Amino acid sequence: MPWCLSMSSPFRVRFAPSPTGYLHVGGARTALFNWLLARRTGGKFILRIEDTDQARNTPEAMKAIFDGLRWLGLDWDEGPEVGGDHGPYFQSQRQSIYDAYFQKLVEAGRTYTEENGAVRFKFSRQPILIPDLVCGDVQFAATEEPDMTIRRPDGSYIFHFVNVVDDIEMRMTHVIRGEDHLSNTWKHIDLYHALGAEPPRFGHIPLLLNPSGSKMSKRDEGASIESYIQAGFLPQAVFNYLCLLGWTPKTETEKITQEQAVALFDVSDIHHSNARFDMTKCTWLNQQHLRDLSGAALIAHVRPWLEKDGLIIGDEGYAALALESVKEKVSMASEFTPWVHYFFREDFPIEDEVMAKLKANAQSPALLAALSAGLKQAASWDEAGITAAVTDVATEQKVKAGALMPLLRFSMSGQTRGPDVKIMIGILGKERALARIERLSNLL
RNA sequence: GACCCCUUCGUCUAACGGUUAGGACACAUCCCUUUCACGGAUGCGAUACGAGUUCGAUUCUCGUAGGGGUCGCCA
């Protein structure tokens with residue numbers, strides 16, 4: 001049994017972003033691991049907005065955080081738009097709480113005021129041990145750093161202070177965060193002790209690096225969650241890929257569902273070293289998940305991109321067949337259009353390559369005419385009936401059936417790539433198929 | 001500069017003292033095939049370096065090098 005299930009009190013973990021940009025992929029993964037821990041243990045996942053820096057906060061950034069987390073399926077049990085017993089969940093609304101805790105520190109004699117009014121916290125200057133869930137015991141010697149400022153001259157508080165106060169007030173039991181915080185954690189523990197509180201269990205997860213090995217920055221491909229939404233990724237695929245960066249589920253395949261991740265997650269399995277981001281593998285995983293979609297779900301996922309490209313989905317049953325016929329050939333929602341556009345319009349272009357191939361063979365017009373006549377006689381308009389009709393034409397024209405297939409493909413789609421020809425013809429229907437052979441013949 | 005974390009194929013990783021160091025992505029070749037893809041097969045390819053402990057180190061210890069992080073009146 002994982003260590004986490006043997007503990008009695010319910011876990012309380014949080015994600016505490018500051019709304020100063022977009023939702024960063026590294027932050028999303030931190031949120032993901034916290035969420036997994038909560039869901040795995042039946043605990044609570046809390047969202048807290050650290051918006052103490054009024055100058056840099058934006059409503060857009062706040063929306064990006066909410067949208068991004070929800071898109072990934074990381075729902076929070078307490079926090080903005082949800083509520084909870086430990087609110088408010090915006091630091092900008094918790095000034096009085098901070099004032100009260102600050103007073104405790106003053107009374108304990110652990111503060112002093114600078115000439116300009118800023119207030120510093122007196123470090124205990126004792127060695128401090130961090131029993132880290134991921135890194136193990138990390139020992140910091142008594143510090144020689146200057147005491148830490150916790151309150152500005154204007155009365156507002158610094159990150160380290162509000163972060164600790166909120167984690168105490170919100171009853172956090174575990175803090176899973178990026179390893180970039182490890183070097184400051186002893187300061188937080190010092191604060192917990194000064195406030196007479198028991199520190200939570202810490203777990204510092206490795207950082208996400210870009211392909212060249214440095215910390216993911218704003219400009220790096222895939223840095224914002226929004227970019228995945230816009231690129232046509234499936235949230236379950238991005239969720240899956242993020243799981244794989246820093247953690248290995250003990251499964252046969254790397255493709256896992258959210259449910260599997262929840263069932264298998266264990267903090268003690270989190271890796272110790274940083275991981276580089278690989279968009280190619282993320283894309284591959286998207287393809288794997290895309291194949292699981294069908295019918296209405298597939299249409300819902302792809303529709304925005306088809307409509308953006310001017311294609312109109314009429315009958316959903318027809319559209320589902322069209323999309324399913326090519327879903328294994330693409331890896332992203334944004335890639336469907338060139339594979340399916342001819343299903344949704346009659347005026348599709350005929351590629352130059354197609355015309356060249358047709359004109360290179362003097363038999364093309366005769367074969368097209370024969371196919372038209374043969375298909376008109378097809379006993380049934382399904383794969384078997386179409387196959388039989390084409391075979392008959394091939395026999396009669398003394399060619400291999402394989403030689404006729406490209407002609408049909410060209411007629412139906414005007415291009416060289418697409419789904420299986422018989423499937424394609426079946427979906428289009430007899431009337432349209434014959435009309436398209438006619439149309440191509442007239443162009444020769 | 002001080003302190004902290006890390007180091008297995010190009011990338012993500014498996015191995016918790018004993019394996020011909022395994023898998024996935026990528027790449028290459030082949031098979032399948034009307035196209036593209038999927039699928040299947042094969043190939044390519046790694047324990048940073050140096051000591052030590054041990055019968056035996058990818059695994060434990062130390063050193064070196066390299067990478068990352070922290071040291072704000074940012075979060």
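Reckoned from all heavy atoms, side chains included, excluding hydrogens, waters and symmetry mates. The shown structure was predicted, so the numbers you read here are calculated from the model rather than taken from an experiment. Each chain gets a letter, A, B and so on, in the order its sequence line appears, and its residues count up from 1.
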_In the structure I gave you, are the side-chain heavy atoms of Pro17(A) and Ile49(A) within less than 4.5 Å of one another anywhere?_
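When only atoms from C-beta onward are counted, Ile49(A) and Pro17(A) do touch, with a gap below 4.5 Å.
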*Using a 4.5 Å cut-off on heavy atoms from C-beta on, say whether the side chain of Arg14(A) contacts that of Leu47(A).*
no
Within the 4.0 Å heavy-atom criterion, would you say [X] contacts the bases, only the backbone, or no part of the nucleic acid?
| X | result |
| --- | --- |
| Gly21(A) | nothing |
| Gly418(A) | base |
| Pro419(A) | base |
| Asn163(A) | nothing |
| Phe140(A) | sugar-phosphate |
| Val421(A) | base |

When both hydrogen-bonding distances must be under 3.5 Å and the geometry is Watson-Crick or G-U wobble, what is [N] paired with, if anything?
| N | answer |
| --- | --- |
| rU33(B) | none |
| rA24(B) | rU11(B) |
| rA2(B) | rU70(B) |
| rG50(B) | rC62(B) |
| rG18(B) | rC55(B) |

*Quick one: sort the His301(A) and Trp305(A) rings into parallel, tilted or perpendicular, breaks at 30° and 60°.*
tilted
*Between Trp76(A) and Phe66(A), how do the two ring planes meet: parallel, tilted or perpendicular, split at 30° and 60°?*
tilted
*asked:* If we count only N and O atoms by modelled type, under 3.5 Å, do the side chains of Gln126(A) and His193(A) hold a donor and an acceptor together?
replied: no
Provide the distance between the two [atom1] atoms, one in [N] and one in [M], to the nearest whole Å.
| N | M | atom1 | result |
| --- | --- | --- | --- |
| rU54(B) | rG18(B) | C1' | 12 Å |
| rC6(B) | rU58(B) | C1' | 15 Å |
| rA14(B) | rA48(B) | P | 14 Å |
| rA46(B) | rC9(B) | C1' | 4 Å |
| rC36(B) | rU20(B) | P | 42 Å |
| rG52(B) | rG45(B) | C1' | 31 Å |
| rG68(B) | rC32(B) | P | 48 Å |
| rC4(B) | rG63(B) | P | 11 Å |

Can we say [X] and [Y] salt-bridge, meaning some charged N sits less than 4.0 Å from an Asp/Glu carboxylate O?
| X | Y | result |
| --- | --- | --- |
| Asp167(A) | Arg12(A) | no |
| Arg436(A) | Glu346(A) | yes |
| Lys281(A) | Glu254(A) | yes |
| Lys255(A) | Asp292(A) | yes |

*Nearest-neighbour nucleotide for the Trp339(A) side chain, rG39(B), rU34(B), rC36(B) considered*: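 For Trp339(A), the side-chain atoms sit closest to rC36(B).
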*Residue Glu254(A), side-chain atoms from C-beta onward, closest of rG23(B), rU7(B), rU11(B)*: rG23(B)
Please state how far atom [atom1] in [X] lies from atom [atom2] in [N], giving the value in whole angstrom units.
| X | N | atom1 | atom2 | result |
| --- | --- | --- | --- | --- |
| Lys281(A) | rU11(B) | NZ | P | 13 Å |
| Leu208(A) | rG67(B) | CG | C1' | 15 Å |
| Leu404(A) | rU34(B) | CG | C1' | 10 Å |
| Leu245(A) | rA24(B) | CG | P | 19 Å |
| Gln288(A) | rC38(B) | CD | P | 9 Å |
| Leu285(A) | rU13(B) | CG | C1' | 14 Å |
| Arg276(A) | rG10(B) | CZ | C1' | 9 Å |
| Leu358(A) | rU34(B) | CG | P | 18 Å |

_Val330(A) vs Trp284(A), nearer the 5' end of RNA chain B by closest nucleotide_ =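 The residue whose closest nucleotide sits nearer the 5' end is Trp284(A).
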*Hey, does the side-chain of Arg409(A) have a donor or acceptor N/O within less than 3.5 Å of a partner on the base of rU34(B)?*
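In this structure, the two groups form a donor-acceptor pair.
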_I need the Ile176(A) CD1 to Ile270(A) CD1 distance, nearest 0.5 Å._
6.0 Å
*Which letters describe nucleotides 68-75 of chain B, given B = protein heavy atom under 4.0 Å from base, S = only from sugar-phosphate, - = neither?*
BBSS-BBB
_Check the phosphate of rC6(B) against His204(A), side-chain N and O only, distance under 4.0 Å to OP1 or OP2. Yes or no?_
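Answer is no, no contact under 4.0 Å.
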